[in-house]
Amino acid sequence: MTNVLPFPTGGKSAKPSRKKSHRSKSSDNAYGPALLLQDFDDMPVDVLNTIIQAGSLYLAQTSLEPTADELASPCAQFLQTIQGMNALTEAANVLIYQAQRYPELTDQEPVDWLVQRTKTTHKVMRKLDKMLPTDEFILSSNSYGPDFMAEYATNAAMLVVSYFAEDLLVYYDENFIQTKKDRRKVMMLDYRDAYREVIQDCQIHVGAHGFLMKELASAQRALNKAMEEL
């Protein structure tokens, strides 16, 4: 990503508390007090921070060198993207649970939309996971095929998960940011724009992959036809 706030590699999470209050009285967050929602175990969760931190789990920082694991496996970043999706799913579950606890405060239609978006994201990610080259194929292949397959699946996965993150930020904005003066609004917009830049970049890469696959398919058909005439 360029020209946007980098996703944090870590962050201060809210201290565990059994208080029922939705807002903390103090916070080290530069954007103001965190809004804490209760999860299934009645523990407070800063959902906005969770959505933001999910980006650090799968979005590589341009200033960092690839790790040994990333160099060893072309599927490493895909697995990191799954971690990001899992973190976002936890945030979605908290939001859905909040709506179930206080149905009088939430319209059911947006909640149903959020549930469906969560299910769709997981469904697409399962399909992309099946596209990844197996270890046997990676070891036996003498071509760039495994790298290409992993790169395509990874870019597609990052696109899907980043869309999911943006959806969660939109839902959070509409349901939990009270006014434009709420400083969390600035925080939300900053990282929404960051996720949108990831989406734009991934769309470009996936589009390029799609074009290349069409060209390869066309070349393969031509080759097969030529071989039949020999």
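- Leu88 is listed as a side-chain neighbour of Ile51, based on a closest heavy-atom distance under 4.5 Å.
- For the pair Met85 and Met125, the minimum side-chain heavy-atom distance is below 4.5 Å.
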Intermediate values then yes/no, side chain to side chain contact (heavy atoms under 4.5 Å, CB included), Gln80 and Leu59: CA-CA 8 Å; Gln80 294 169 1; Leu59 297 173; over 6 Å; no

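- Taken together through direct or relayed side-chain contacts under 4.5 Å among Ile, Leu, Val, Met, Phe, Trp and Tyr, Trp113 and Tyr195 form part of one hydrophobic cluster.
- Taking all atoms of both residues into account, the shortest heavy-atom contact from Val206 to Ala156 is CG2-N, 3.8 Å.
- Counting only heavy atoms from C-beta outward, the side chains of His205 and Met158 never approach each other to under 4.5 Å.
- Remark: Glu166 pairs with Arg196 by the salt bridge (charged side-chain N to carboxylate O under 4.0 Å, His left out) rule, at least two apart or across chains.
- Between Glu104 and Tyr102 the shortest side-chain heavy-atom distance falls below 4.5 Å.
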I'd like to know whether Thr81 forms a side-chain hydrogen bond (donor to acceptor under 3.5 Å, both in side chains) with Gln77, so could you lay out the CA-CA distance, the side-chain angles of the two residues, the decisive distance to 0.1 Å, and finally the verdict. CA-CA 6 Å; Thr81 305; Gln77 192 167 6; 5.4 Å; no

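- Judged by distance alone, with hydrogens and angles left aside, the side-chain atoms of Ser56 form a donor-acceptor pair with the main-chain N or O of Gln53 at under 3.5 Å.
- No continuous path of hydrophobic side-chain contacts links Ile204 to Leu128 [ILVMFWY only; heavy atoms under 4.5 Å].
- Two residues are said to be in side-chain contact when any heavy atoms from C-beta on lie closer than 4.5 Å; Val45 and Leu36 fail this criterion.
- A search for ring-ring contact (aromatic ring centres under 6.0 Å, His included) contacts involving Tyr171 returns nothing, not counting sequence neighbours.
- At a threshold of 4.5 Å between non-hydrogen side-chain atoms, the residues Gln38 and Arg101 count as touching.
- For Asn155 (side chain) and Glu151 (main-chain N/O), a donor-acceptor pair under 3.5 Å exists by modelled atom type.
- Distance alone, capped at 3.5 Å, is enough to place a donor-acceptor pair between the Asp46 side chain and the Asn49 backbone.
- Within the model, atoms CG of Leu48 and CD1 of Ile177 stand 6.5 Å from one another, a figure rounded to the nearest 0.5 Å.
- Thr121 places a side-chain N or O within 3.5 Å of a backbone atom of Arg117 that can act as its donor or acceptor partner.
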Derivation and outcome, side chain to side chain contact (heavy atoms under 4.5 Å, CB included), residues Ile96 and Leu114: CA-CA 8 Å; Ile96 293 168; Leu114 183 58; 3.9 Å; yes

Using the rule given for side chain to side chain contact (heavy atoms under 4.5 Å, CB included), can you reason through Leu95 versus Phe176, listing the C-alpha separation, both sets of side-chain angles and the distance that settles it, and then say yes or no? CA-CA 10 Å; Leu95 292 173; Phe176 296 101; 3.5 Å; yes

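- Remark: Leu223 pairs with Gln220, Met227 by the side-chain contact (heavy atoms from CB on, under 4.5 Å) rule, at least two apart or across chains.
- Taking CZ from Phe78 and CG from Leu132, the interatomic distance works out to 4.5 Å, rounded to the nearest 0.5 Å.
- Separating the CE atom in Met131 from the SG atom in Cys75 is a distance of 11.5 Å, to the nearest 0.5 Å.
- The number of heavy-atom neighbours closer than 6.0 Å to CD of Glu109, taken from other residues, nucleotides and ligands shown, is 12 or below.
- In this structure, Val170 stands alone, with no Ile, Leu, Val, Met, Phe, Trp or Tyr side-chain heavy atom under 4.5 Å from its own, directly or through other members.
- Note on Val124: it clusters hydrophobically with Val115, by side-chain heavy-atom contacts below 4.5 Å among ILVMFWY residues.
- Both Tyr58 and Ile82 are part of a single hydrophobic cluster, where members link through side-chain heavy atoms under 4.5 Å apart.
- With sequence neighbours left out, the side-chain hydrogen bond (donor to acceptor under 3.5 Å, both in side chains) criterion links Asp173 to Lys185.
- With sequence neighbours excluded, no residue forms a ring-ring contact (aromatic ring centres under 6.0 Å, His included) with Tyr163.
- To the nearest 0.5 Å, atom CZ of residue Arg192 and atom OH of residue Tyr172 are 15.0 Å apart.
- A donor-acceptor pair shorter than 3.5 Å can be found between the side chains of Gln108 and Asp112.
- Residues Val111 and Val94 fall within the same hydrophobic cluster, defined by Ile, Leu, Val, Met, Phe, Trp and Tyr side chains chained together at heavy-atom separations under 4.5 Å.
- Closest approach of Ala91 to Leu168, counting heavy atoms only: CB-CD1, 4.4 Å.
- Remark: Ile199 CD1 to Ser162 OG distance equals 5.5 Å, nearest 0.5 Å.
- Taking the six-membered ring for Trp and thresholds of 30 and 60 degrees, Tyr152 and Phe148 have nearly parallel ring planes, at less than 30 degrees apart.
- Checked by atom type and distance alone, the side chain of Tyr191 never pairs as donor or acceptor with a backbone atom of Gly55 at under 3.5 Å.
- Looking only at side-chain heavy atoms (C-beta outward), Asn93 and Asp39 stay at 4.5 Å or farther from each other.
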